[in-house]
**Q** 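Sharing a structure below in structure tokens format, with a few things to ask.
Note that ligands are numbered from 1 as they come in the structure, with each ligand's atoms numbered from 1 the same way.
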Amino acid sequence: MNTMTESKKTVTLNYINGEWVASDSEQTAVSKNPAKIGEDVGYYQMSSSNDFDQAAVSARKAQKAWGKLAGSVRGDYLLKAAAILEERIEDVATAMTQEMGKTFAEAKGETARGVAILRYYAGEGMRAIGDVIPSSDSDALMFTTRVPLGVVGVITPWNFPVAIPLWKMAPALIYGNAVVVKPASDTAITCSKVINCLHDAGIPAGVVNMVTGSGAKIGMEMVNHPEIDAITFTGSNTVGKQLAHAAVDRGIKYQLEMGGKNPVIVANDADLELAAEATISGGLKSTGQKCTATSRVIVHKDVYEEFKEKLLTKMKTITVGDGFETGTWMGPCASEGQLETVLSYIEKGKQEGAKLLYGGNQVLKDQGYYVEPTVFENATPSMTIAREEIFGPVLVLLKVDTMEEALEMANDSEYGLSASIFTTNIGNMLSFINEMDAGLVRINAESAGVELQAPFGGMKQSSSHSREQGRAAIEFFTSIKTVFVK
Ligand SMILES: NC(=O)C1=CN([C@@H]2O[C@H](COP(=O)(O)OP(=O)(O)OC[C@H]3O[C@@H](n4cnc5c(N)ncnc54)[C@H](O)[C@@H]3O)[C@@H](O)[C@H]2O)C=CC1
Ligand SMILES: CCCCCC(=O)O
């Protein structure tokens, strides 16, 4: 059981060496519901260095046998976990909406994506992992194979608390690694429910471990621990860079997926209804808290006013509220801190001279951490709101005279995660595909829309330049060994 009751409080436990255990710090912290101020979702362990050490040592011991299993046998565990998670979609999604505010429908959709991720990587246990390469010695046999890294540390953010841990853990496990996961504290309970599905699938003790608590403490403990052979991180650039420096100091493999400032280009031949709908969805779904969310909206001057009117008409229909309420389109910001960050960027936008077209206000103040969907115009590319990741429901309209200017503006960012263009012109489409510096480029579709079977990752400052998901994940979670036999 992943929780215990302590003076009527539900306390989520750590998962170490196949057992649910409390931290030896005897300290817990509360996970709060951002939709309902004052409502505690539950408690999680504020773990100690010793807790992490026990998890890492357990993982090291377990990995030896786990790595020797046939890939198909490892895959069977993932298939069982997928079936269990599928049975528990409502329960896991409930925890997600309670902990970070995503609408219940989106939370169920994400959890279903987690089921699909487990099933996809289960199949990887029976697919080729190398090549036969002709040696210059005709009597010799030369081929490549792949070996696991060993123990992989997994650090994940709060915005996709099921999909991101699983799109890291599932490939790590199928390719023979053991894992220690440190989830974002805001969604520790949700992660524990995912881990419990792996536990109930009978995964061998020590192969999967979860240690909750302060990122600065446990996250840094992880990257510096001698039993950790690699780190896979998704989160902010600030934290990612800290982890990378520590990983380089130890000479271990690391993978970072970080921020974005994703543009959408609306060409003068675009389907404006489609472009407006996709900008709303891509920019404001999940309260704009997706790394792939649209934030810069670059519009050709010929269609600017018509597009703006369509966008505003749709924005005015957005209902803000508790993610469990049927009519809610957009939930709260994930935490009080996230709300404060978003409101500070809105103020910055006004101070720097952008025009607030719609929204910009905190709402339902007595209930939770809610902000209106917001759009600015008359912004310049140098303004803070056009350069920095806000990670909230804030769109910035930018007007251009030509498609060349649009593409130049779209690339004028330190980030390069995802980007979209709306056009019916094949020349615009090909220029965008070839010249847009982003890891995910989408044509006539919103900037969000990661598919689990395709490589995913950023360019420039959005990533450490490996790729997650799909078959690409094998590159990070294994090492290639070239074999020569005479
Ligand atoms: N590129 C991508 O695929 C994605 C990127 N993100 C990015 O993540 C950010 C939002 O997520 P947050 O959880 O707020 O990010 P965050 O960077 O604050 O935290 C991410 C994880 O790192 C841990 N952490 C915090 N401080 C740490 C430290 N000093 N050492 C080690 N670990 C530490 C946290 O506890 C959490 O588990 C945004 O910047 C967003 O763009 C989010 C989802 C996907
Ligand atoms: C955290 C990255 C997940 C992005 C969700 C999407 O674009 O579908």
**Q** Tell me which protein heavy atom sits closest to atom 2 (C) of ligand 1, plus the residue, atom name and distance to 0.1 Å.
**A** Cys291 SG, 3.2 Å
**Q** Which ligand 1 atoms are under 4.0 Å away from a heavy-atom of Phe456?
**A** 3 (O)
**Q** Please write down residue, atom name and distance for the protein heavy atom closest to atom 23 (C) of ligand 1.
**A** Ile155 CG2, 3.7 Å
**Q** Would you check the N or O atoms of Cys291, main chain and side chain alike, for any that come under 3.5 Å of an N or O of ligand 2?
**A** no
**Q** Using the benzene-type ring in the case of Trp, are the ring centres of Trp20 and Tyr44 under 6.0 Å apart?
**A** no
**Q** Out of all atoms in ligand 2, which are within 4.0 Å of some heavy atom of Gly449? Include the element for each.
**A** 6 (C), 7 (O), 8 (O)
**Q** Does a donor on one side chain and an acceptor on the other come within less than 3.5 Å for Ser23 and Asp51?
**A** yes
**Q** For Tyr254, does the OH atom have more than 12 heavy-atom neighbours from other residues, nucleotides or ligands under 6.0 Å away?
**A** no
**Q** So, is Val450 polar-close to ligand 2, with some N/O to N/O distance under 3.5 Å?
**A** yes
**Q** Taking a cutoff of less than 4.0 Å between a non-hydrogen atom of the residue and any ligand atom, is Phe160 in contact with ligand 1?
**A** no
**Q** Taking the side chain from Thr287 and the backbone from Gly331, do they hold a donor-acceptor pair closer than 3.5 Å?
**A** yes
**Q** When you measure from the centre of the six-membered ring of Trp158, is the NZ or CZ of Lys102 under 6.0 Å away and within 45° of the axis?
**A** no
**Q** Return the residue, atom name and 0.1 Å-rounded distance of the protein heavy atom closest to atom 3 (C) of ligand 2.
**A** Trp167 CH2, 3.5 Å
**Q** Identify, by atom number and element, the atoms of ligand 1 in contact range of Gly219, meaning under 4.0 Å from any of its heavy atoms.
**A** 31 (C), 32 (N)
**Q** More than 12 heavy atoms of other residues, nucleotides or ligands under 6.0 Å from NZ of Lys314: yes or no?
**A** yes
**Q** Nearest to atom 7 (C) of ligand 1, what protein heavy atom do you find, and at what distance?
**A** Gly235 O, 3.3 Å
**Q** For a quick check under 3.5 Å, do Thr103 and Glu106 share a side-chain donor-acceptor pair by atom type?
**A** yes
**Q** Using a strict cut-off of less than 4.0 Å between a Lys/Arg side-chain nitrogen and an Asp/Glu carboxylate oxygen, indicate whether Lys350 and Glu347 qualify as a salt bridge.
**A** yes
**Q** Between the side chains of Glu124 and Arg471, is the shortest nitrogen-to-carboxylate-oxygen separation below 4.0 Å, so that they form an ion pair?
**A** yes
**Q** Looking at ligand 1, does Pro183 have a heavy atom less than 4.0 Å from it?
**A** yes
**Q** Could you name the option among Met220, Met258, Gln469, Gln289 that has the heavy atom nearest to atom 30 (N) of ligand 1?
**A** Met220
**Q** Is it the side chain (CB and beyond), the backbone, both or neither of Phe233 that lies under 4.0 Å from ligand 1, heavy atoms counted?
**A** side chain
**Q** Assess, by modelled atom type and distance only, whether the side chains of Glu388 and Tyr345 contain a donor and an acceptor separated by less than 3.5 Å.
**A** yes
**Q** Lys253 vs Glu475, test: salt bridge (Lys or Arg N to Asp or Glu O under 4.0 Å). Steps then yes/no.
**A** CA-CA 11 Å; Lys253 202 170 181 181; Glu475 296 303 331; over 6 Å; no
**Q** Looking at Glu414, I want to see if its CD is surrounded by more than 12 non-hydrogen atoms of other residues, nucleotides or ligands under 6.0 Å.
**A** yes
**Q** Any idea which protein heavy atom is nearest atom 40 (C) of ligand 1, and the distance to it?
**A** Phe391 CE1, 3.3 Å
**Q** Test of understanding: given a 4.0 Å heavy-atom threshold, classify the contact between Leu417 and ligand 1 as side chain, backbone, both, or neither.
**A** side chain
**Q** Below 4.0 Å, non-hydrogen atoms only: which portion of Gln242 touches ligand 1? Side chain, backbone, both or neither.
**A** side chain
**Q** Just distances here: any N/O of Gly260 and N/O of ligand 1 closer than 3.5 Å?
**A** no
**Q** Is ligand 1 under 4.0 Å from a heavy atom in the side chain of Glu389, in the backbone, in both, or in neither?
**A** side chain
**Q** Establish, yes or no, whether a centroid distance under 6.0 Å links the rings of Phe477 and Tyr175.
**A** no
**Q** So is there a nitrogen or oxygen of Lys182 less than 3.5 Å from a nitrogen or oxygen in ligand 1?
**A** yes
**Q** Count the heavy atoms of every other residue, nucleotide or ligand shown that sit under 6.0 Å from NZ of Lys32, and state whether that count exceeds 12.
**A** no
**Q** In this structure, does ligand 1 have an atom that sits under 4.0 Å from one of the heavy atoms of Ile164?
**A** yes
**Q** For atom 12 (P) of ligand 1, what is the closest protein heavy atom, and at what distance to 0.1 Å?
**A** Trp158 NE1, 3.5 Å
**Q** More than 12 non-hydrogen atoms from neighbouring residues, nucleotides or ligands closer than 6.0 Å to CD on Glu19, yes or no?
**A** no
**Q** What residue and atom, counting heavy atoms only, is the protein's closest point to atom 18 (O) of ligand 1, and at what distance?
**A** Ser236 OG, 4.1 Å
**Q** What part of Arg113, side chain, backbone, both or neither, has a heavy atom within less than 4.0 angstrom of ligand 2?
**A** side chain
**Q** Note the single closest protein heavy atom to atom 32 (N) of ligand 1, along with its residue, its atom name and the distance in Å.
**A** Gly215 O, 3.4 Å
**Q** For Thr384, which of Gln351, Lys348, Glu352 qualifies under side-chain hydrogen bond (donor to acceptor under 3.5 Å, both in side chains)?
**A** Glu352
**Q** If you measure from atom 7 (O) of ligand 2 to every heavy atom of Ile164, Leu417, Thr292, which option wins on shortest distance?
**A** Thr292
**Q** Looking only at distances, please establish whether an N/O atom of ligand 1 is found under 3.5 Å from an N/O atom of Asn159.
**A** no
**Q** Taking only heavy atoms of Ala448 into account, list the atoms of ligand 2 that are under 4.0 Å away from them.
**A** 7 (O)
**Q** I'd like to know if the side chain of Arg296 and the backbone of Ala410 have a donor-acceptor N/O pair within less than 3.5 Å.
**A** yes
**Q** Checking the N or O distance criterion of under 3.5 Å, is ligand 1 in contact with Glu468?
**A** no
**Q** Would you check whether Thr156 has a nitrogen or oxygen atom less than 3.5 angstrom from a nitrogen or oxygen atom of ligand 1?
**A** yes
